[in-house]
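On a predicted model such as this, the values are computed, not experimentally measured, just so you know.
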Amino acid sequence: MLEKSKKYAHFRLIILDGRIYIERYAKYSIETRHLFTMYGIVQLLRFYPGKLPNLEIMFDTDDRPVIPEREFRRPDSGPPPLFRYCSDWQSLDIVFPDWSFWGWGETNIRPWRSMLKNIKEGNKRSKWKDRIPFAYWRGNPLVSHVRKDLIKCNVTDKQNWDTLLYPQDWKNQSKIGYKESNIEDQCTHRYKIYVEGWAWSVSEKYIFACDSPTLYIESHFYDFFIRGMIPQQHYWPISDNDKCKSLKFAVQWGNSHTHKAESIGKAGSEFIHEDMKMERVFDYIYHLLNEYAKLQRFDPIVPQDATEICSESLACPLDGLWRKFMEEGLEKSPSYSDPCILPPPYDPQQLKTFVEQKVNATKQVRSWESEYWSSLNKKQ
């Protein structure tokens, strides 16, 4: 099963007796994703030394899932166990936290511990009710048709959907020193919009952290944490089929129900700042790899072409922001506490109830939207 993943993978990672080995493949990896992902796993072993079993994984650092569930429905079909940053409801790829938790040099985004502190300070600059009462989004609209469609909702002389949307040119930002792209400077509007890119978007966690309600455009992909969040509690669901009207209603509703809107923003932000702080991210990876290792039916060995890696071997060959962020993301001492205890799995009825809660909350918002626009049309 593992070898079947090789054709998709950028690297094979082996943990053996507390040491990490990498076998790299010729497949091109976008930017430095592969290096910072490897670095993250190295930091996990520094944070929880001696607590991980021997294991062997394949990792694909591209965006979209590639293991279709429909091809592996037989009990003995053996789906390739492939790790990546997101999946969807039709795929079996194993979801792992993305590389930017340890820094993203290409966009000047610091490691997650530092970013959480920066965003928390940014949140203090303005109270929610004093923020600009519109929905805000900044990003690259060229990576997907969903984002190109979103840009049509931007405010013009002829239309006002209560949105302020700013296309981002990352090449230009790098030339001017990223002066207009600091995430902690973007907590200035009452509402933040999340929209997927080519797959899920790294921007998701930063958008949620701003204390403003996240207007979450229906996504086809999920990362490792969004499935634990609930519409109307942690975010406001936006229709993918009619974005402009859905966004307009969300802003109008929020500005008319300020107490509830503010509480949604706070709940989503608290989820990110507390349940998603770096210690909890390490706990997720720890349990994910331990549960994976329990299913492994062979003893890992170090391939002939593999090399051992550590913090120094990954960071020292780099320079600029890349080396700076690895140094900043270094775990300087082991954790003083054990990993959190993994709760038992949902039983079928619990899971059904949880999923229905999310579905019904979204349906209720769609119903409110329909009533709002029907009422508005009658007045006209």
Any side-chain to backbone donor/acceptor pair from [X] onto [Y]? Under 3.5 Å, distance only.
X: Thr362; Y: Lys358; value: yes
X: His189; Y: Pro133; value: no
X: Asp169; Y: Asn172; value: yes

| message | Is the distance from the ring center of Tyr206 to that of Trp112 below 6.0 Å? | response |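 Yes - the distance between ring centres of Tyr206 and Trp112 falls below the 6.0 Å cut-off.
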| Within the 6.0 Å centroid threshold, strictly below: Phe96 and Phe224 |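 Aromatic pair excluded; centres sit 6.0 Å or further apart.
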Taking the side chain as every heavy atom from C-beta outward, state whether [X] and [Y] have any atom pair closer than 4.5 Å.
X: Val146; Y: Glu196; answer: yes
X: Ser87; Y: Trp200; answer: no
X: Trp253; Y: Trp236; answer: yes
X: Thr37; Y: Phe59; answer: yes
X: Arg147; Y: Ser201; answer: yes
X: Cys187; Y: Arg125; answer: no
X: Tyr85; Y: Asp223; answer: no
X: Arg190; Y: Phe134; answer: no

Closest non-hydrogen atom pair between [X] and [Y], with its separation:
X: Gly105; Y: Leu321; answer: O-CD1, 3.6 Å
X: Asn108; Y: Asn182; answer: ND2-OD1, 4.2 Å
X: Lys277; Y: Glu274; answer: CG-O, 3.2 Å

| field | Residues Asn377, Ser374; criterion side chain to side chain donor-acceptor pair (under 3.5 Å); working and verdict | value | CA-CA 5 Å; Asn377 289 335; Ser374 294; 5.7 Å; no
Heavy-atom neighbours of [X] [atom1] exceed 12 at 6.0 Å:
X: Glu270; atom1: CD; result: no
X: Trp368; atom1: CH2; result: yes
X: Lys332; atom1: NZ; result: yes
X: Phe354; atom1: CZ; result: yes
X: Asp76; atom1: CG; result: yes
X: Ile176; atom1: CD1; result: yes
X: Lys7; atom1: NZ; result: no
X: Asp299; atom1: CG; result: no

| query | Going through the checks in order, is the side chain to side chain donor-acceptor pair (under 3.5 Å) test met by Glu71 and Ser77? | reply | CA-CA 8 Å; Glu71 296 181 9; Ser77 56; over 6 Å; no
Can you tell whether the side chains of [X] and [Y] come within less than 4.0 Å, N to carboxylate O?
X: Asp338; Y: Lys51; result: yes
X: Lys248; Y: Glu369; result: no
X: Arg323; Y: Glu327; result: yes
X: Arg280; Y: Asp275; result: no
X: Lys266; Y: Glu262; result: no
X: Glu184; Y: Lys124; result: no
X: Arg33; Y: Asp62; result: no
X: Asp98; Y: Lys205; result: yes

Regarding [X] and [Y], is there a side-chain donor-to-acceptor distance under 3.5 Å anywhere?
X: Gln168; Y: Tyr166; result: no
X: Asp60; Y: His10; result: yes
X: Glu328; Y: Ser114; result: yes
X: Glu69; Y: Trp89; result: no

| request: Output, in order, the C-alpha distance, side-chain angles, deciding distance and verdict of side chain to side chain contact (heavy atoms under 4.5 Å, CB included) for Leu116 and Ile272. | output: CA-CA 9 Å; Leu116 279 180; Ile272 297 299; 4.1 Å; yes
What orientation do [X] and [Y] show, parallel under 30°, tilted 30 to 60°, or perpendicular over 60°?
X: Tyr292; Y: Phe83; answer: perpendicular
X: Tyr194; Y: Tyr216; answer: parallel
X: Phe208; Y: Phe225; answer: perpendicular

| request: Determine, stepwise, if the pair Glu56 / Gln296 fulfils side chain to side chain donor-acceptor pair (under 3.5 Å). | output: CA-CA 8 Å; Glu56 192 172 328; Gln296 199 170 253; over 6 Å; no
| Run the side chain to side chain donor-acceptor pair (under 3.5 Å) check on Ser126 and Arg131 step by step: do they pass? | CA-CA 6 Å; Ser126 61; Arg131 295 181 181 183; 3.2 Å; yes
| query | Run the side chain to side chain contact (heavy atoms under 4.5 Å, CB included) check on Val202 and Trp104 step by step: do they pass? | reply | CA-CA 10 Å; Val202 167; Trp104 189 1; 3.9 Å; yes
| query | Can Lys192 be said to sit on top of Trp137's aromatic six-ring, NZ or CZ under 6.0 Å from centre and within 45° of the ring axis? | reply |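 Negative - Lys192 is either too far from the ring of Trp137 or too far off its axis.
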| query | Does the ring of Phe11 carry Arg24 above it, NZ/CZ under 6.0 angstrom from centre and within 45° of its axis? | reply |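 That pair does not qualify as a cation-pi contact.
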| Residues in salt bridge (Lys or Arg N to Asp or Glu O under 4.0 Å) contact with Asp17, at least two apart in sequence or another chain |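 Salt bridge (Lys or Arg N to Asp or Glu O under 4.0 Å) check on Asp17 returns nothing, list empty.
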| task | Decide side chain to side chain contact (heavy atoms under 4.5 Å, CB included) for Arg12 and Tyr21; before the verdict, give the C-alpha distance in whole Å, the side-chain angles of both, and the deciding distance to 0.1 Å. | result | CA-CA 8 Å; Arg12 181 197 305 258; Tyr21 303 86; over 6 Å; no
